[in-house]
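Have a look at the structure below before the remarks.
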4 protein chains.
Amino acid sequence: MSKPDKKQAILDTALTLFVSQGFYATSTASIAKKAGVATGTLFHHFPSKDELMKHLFLSIKQEFADAITASIKDSGDLKQDAEHLWYSAIQWAIDYPLKQEFFQQYSMSPSIAIEIREQAMNSILSFMGNLMQQGQTQGLFASYPLTLMQDNCHGQYLAATRYFLDNPEKWQVDTHKQASFSMFWNAMVQS
Amino acid sequence: MSKPDKKQAILDTALTLFVSQGFYATSTASIAKKAGVATGTLFHHFPSKDELMKHLFLSIKQEFADAITASIKDSGDLKQDAEHLWYSAIQWAIDYPLKQEFFQQYSMSPSIAIEIREQAMNSILSFMGNLMQQGQTQGLFASYPLTLMQDNCHGQYLAATRYFLDNPEKWQVDTHKQASFSMFWNAMVQS
Amino acid sequence: MSKPDKKQAILDTALTLFVSQGFYATSTASIAKKAGVATGTLFHHFPSKDELMKHLFLSIKQEFADAITASIKDSGDLKQDAEHLWYSAIQWAIDYPLKQEFFQQYSMSPSIAIEIREQAMNSILSFMGNLMQQGQTQGLFASYPLTLMQDNCHGQYLAATRYFLDNPEKWQVDTHKQASFSMFWNAMVQS
Amino acid sequence: MSKPDKKQAILDTALTLFVSQGFYATSTASIAKKAGVATGTLFHHFPSKDELMKHLFLSIKQEFADAITASIKDSGDLKQDAEHLWYSAIQWAIDYPLKQEFFQQYSMSPSIAIEIREQAMNSILSFMGNLMQQGQTQGLFASYPLTLMQDNCHGQYLAATRYFLDNPEKWQVDTHKQASFSMFWNAMVQS
DNA sequence: AATGAATGAGCATTCATTCAT
DNA sequence: TATGAATGAATGCTCATTCAT
């Protein structure tokens with residue numbers, strides 16, 4: 001009920017509604033109403049609906065990046081580090097399903113200006129990029145084109161989070177959890 | 001003057017505009033105008049904008065399914081068959097980039113009713129499903145959960161097509177082409 | 001199924017739909033469909049929707065007029081003649097409830113050009129007019145202004161048909177039937 | 001600049017246009033334009049054209065009911081009371097010809113949901129109902145079925161207002177005025 | 001006479017955005 | 001900072017009518 005909360009209430013409500021109904025099917029009026037503020041208030045905090053979306057996208061991306069950064073280990077054992085990173089990334093998706101769903105929906109959508117999307121994606125993929133370059137340097141990974149590997153890795157990550165979000169109980173089962181990492185790892189490894 | 005032309009012109013134009021501008025940013029009036037028909041004609045053939053989208057989605061899905069079905073080989077060598085299937089699927093995406101882009105954008109989007117999306121996805125994934133079951137039966141593939149493998153496979157397919165669509169010249173380079181298949185194959189293989 | 005029936009099928013269907021849904025809520029397409037003809041056929045027989053309505057209105061009016069004319073008696077006893085006329089008119093409404101309902105709805109509605117309405121009403125009211133003039137000449141009726149009496153009479157007729165259409169079983173009960181005539185008669189009679 | 005003015009301006013304009021052109025022939029845009037507001041403003045105050053109509057209908061009905069209620073006398077002489085009521089009701093129609101015309105046009109029209117119409121009519125007819133029950137109890141009126149009497153009475157009222165609205169100068173002539181009441185009264189009286 | 005695809009003006013309604021309070 | 005009435009351009013869709021077959 002305190003004042004600074006209004007901006008946050010708008011963001012929270014927008015996240016929920018954008019995910020459940022889609023960007024275009026969500027009117028600014030409905031966001032304001034559900035957030036318990038006046039329509040004018042939304043535009044007081046965000047100059048336009050697009051800017052609200054952009055703010056949401058970038059701040060969620062940042063949260064993800066911070067979470068992953070915090071969980072990076074450098075034990076010297078690349079596979080162990082990668083496994084840790086992989087699980088952390090999926091764990092984040094499970095902890096924040098709405099935000100993950102938001103990414104799945106809007107990472108490819110024209111609702112978000114293309115340069116914003118790319119900027120966000122690059123930042124997320126850079127973690128993976130580093131890891132893969134290390135793997136290739138060490139001769140652990142096959143010498144596939146780096147961008148191809150990154151795209152592949154990103155594709156597998158999206159697939160894994162979708163799977164565990166759709167079947168949350170499987171995340172508790174070690175064989176499933178480990179299977180997801182094995183596929184990811186073996187795809188890159190020198191055979 | 002021929003009859004089916006107008007309906008087809010509407011579908012073709014809608015595909016182009018939905019991909020380039022997005023579903024919501026594309027007005028029915030603009031589709032009709034660019035297709036060279038009256039607004040009423042669009043609604044004569046499709047009862048609503050949503051139905052037009054649905055028709056487009058399902059017919060493109062069917063084209064893809066038909067193309068893949070036609071290219072399925074059963075040589076007895078699973079790896080060779082899989083490689084052939086993989087290249088065919090990517091080749092389709094390269095041959096029909098607009099349709100592939102359409103899938104990338106709308107497979108997850110709320111612009112298409114969820115049951116339509118799932119129906120389409122199941123039909124596409126069933127090819128892969130068969131192949132993977134064979135691989136597991138033959139002991140070639142690791143015994144990962146089947147749905148997880150399917151999701152992973154789908155994710156890698158989307159990543160590969162995105163890569164080759166963004167870098168079409170790489171599809172002519174065998175190392176790239178083969179690298180994409182190797183990652184896909186090794187992810188599943190019994191290590 | 002024979003050819004001349006098509007025009008009649010259109011008229012019958014239009015009557016039903018105009019009464020049940022209203023003139024504006026009934027599309028020419030829906031009339032044609034329900035009548036089992038093509039949209040073009042409707043416009044082949046009637047130059048416009050308004051003309052179809054006009055035709056319907058005037059032909060039903062004529063049917064009513066013919067029925068009443070046929071039932072006019074001139075026994076020399078004005079009250080008996082009037083009673084006979086009153087019952088005949090209400091009987092017609094009960095025999096053709098759709099047509100009666102049509103009149104109730106469209107006699108005052110802007111769906112029908114005002115001159116058509118007036119023309120029809122005058123023709124219907126002329127029966128009553130004659131009767132009332134006789135009554136006044138004979139000194140049976142009060143010497144109220146003729147037009148006022150006609151309007152009043154018309155109003156009572158509409159009310160009576162509405163009552164017996166809403167409660168059809170009451171038309172079989174003599175007290176109700178006679179009460180309706182008594183009110184009509186006593187309103188005009190010299191007291 | 002005052003607040004309630006815009007809503008009222010919309011209602012006033014809608015009344016005028018609905019009466020002069022009909023409900024369907026009156027576009028919301030034309031109402032807004034003539035009322036001097038933006039199209040959006042109409043929909044800000046009324047969720048739909050139908051709701052605007054409903055609001056208009058019910059509020060006019062209420063005005064009428066209030067006016068009649070205010071004029072009810074209970075002098076002990078039923079005939080005098082009835083005469084007073086009859087003249088008041090017609091006077092209202094003459095004072096507010098647009099509103100009376102509105103009733104004449106829309107009381108039977110499918111432009112207004114049937115339950116709204118009936119609700120309104122019941123409320124109007126209840127005045128008459130009371131009066132008639134008193135008349136029957138006192139043995140003044142014939143023992144006709146009550147509903148039939150009510151319908152008849154309503155029919156005569158509509159006829160009378162139509163007559164005096166079409167011939168306003170006649171309302172100043174006592175013989176006409178009294179004739180209208182005489183017909184109404186004699187219709188019900190024990191003969 | 002009969003058909004039904006095609007037309008396009010017209011409509012109700014939505015919604016991001018503004019601004020006076 | 002917050003409000004919510006007001007705005008008006010834009011949209012999806014309808015439907016009477018035409019006309020080539």
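Throughout, a chain's letter reflects where its sequence line sits, starting with A, and its residues are numbered from 1. What you see is a predicted model, and the numbers here were worked out from it, not measured in a lab.
- Not less than 6.0 angstrom separates the ring centroid of C:F64 from the ring centroid of C:Y96.
- Mapped onto DNA chain F by nearest heavy atom, A:A38 and B:A29 fall at different nucleotides, with A:A38 at the one closer to the 5' end.
- For E:dG8, neither phosphate oxygen OP1 nor OP2 lies less than 4.0 angstrom from any side-chain nitrogen or oxygen of B:K33.
- Taking the six-membered ring for Trp and the full ring otherwise, B:F23 and A:Y24 have centroids separated by 6.0 Å or more.
- Taking atom CZ of C:F43 as the reference point, atom P of E:dA5 lies 16 Å away to the nearest angstrom.
- Remark: A:K6 is in phosphate contact with F:dT3, judged by side-chain N or O atoms under 4.0 Å from OP1 or OP2.
- The interatomic distance linking D:F18 (CZ) with E:dA12 (C1') rounds to 12 Å, in whole Å.
- Looking at heavy-atom distances under 4.0 Å, B:S27 makes contact with sugar-phosphate atoms alone, never a base.
- Backbone-only contact: D:T26 has heavy atoms under 4.0 Å from sugar-phosphate atoms and none from a base.
- Residues B:V37 and A:D50 both approach DNA chain E. Their nearest nucleotides, taken by heavy-atom distance, put B:V37 toward the 5′ side.
- The interatomic distance linking B:L52 (CG) with F:dC13 (P) rounds to 10 Å, in whole Å.
- Spacing between atom NZ of D:K49 and atom P of E:dT14 amounts to 15 Å, rounded to whole angstrom units.
- One can place CD of D:E51 at 17 Å from C1' of E:dT14, the figure rounded to the nearest angstrom.
- In this pair, C:F57 and C:F103 present their aromatic rings perpendicular. The plane angle is above 60°, beyond the 30 to 60° band.
- Summary of the strand contacts: C:G40 and D:P47 both lie near DNA chain E, and taking for each the nucleotide with the nearest heavy atom, the more 5' one is attributed to C:G40.
- We find that CG of A:L42 is positioned 14 Å from P of F:dT1, with the value rounded to whole Å.
- When the P atom of F:dC15 is taken as reference, atom CG of C:L17 falls 13 Å away, rounded to whole Å.
- Side-chain N/O atoms of D:T28 include one lying less than 4.0 angstrom from OP1 or OP2 on E:dA12.
- Using a 4.0 Å cut-off, no side-chain N or O of C:S48 falls inside it from OP1 or OP2 of F:dA16.
- Across the strands present, E:dA20 finds its partner in F:dT3; the criterion is a Watson-Crick or G-U wobble pair with both atom distances under 3.5 angstrom.
- Annotation for A:K49 and A:F18: closest pair CE-CE2, 4.4 Å, computed over non-hydrogen atoms.
- Residue A:T39 places no side-chain N or O under 4.0 Å from the OP1 or OP2 atom of F:dG4.
- For the OP1/OP2 pair of E:dT14 and a distance below 4.0 Å, the side-chain nitrogens and oxygens of D:H44 include no atom meeting the criterion.
- In this structure, CZ of A:F46 is placed 16 Å from P of E:dT18, rounded to the nearest angstrom.
- Taking the ring axis of C:F46 as reference, the NZ or CZ atom of C:K54 does not stay both within 45° of it and closer than 6.0 Å to the ring centre.
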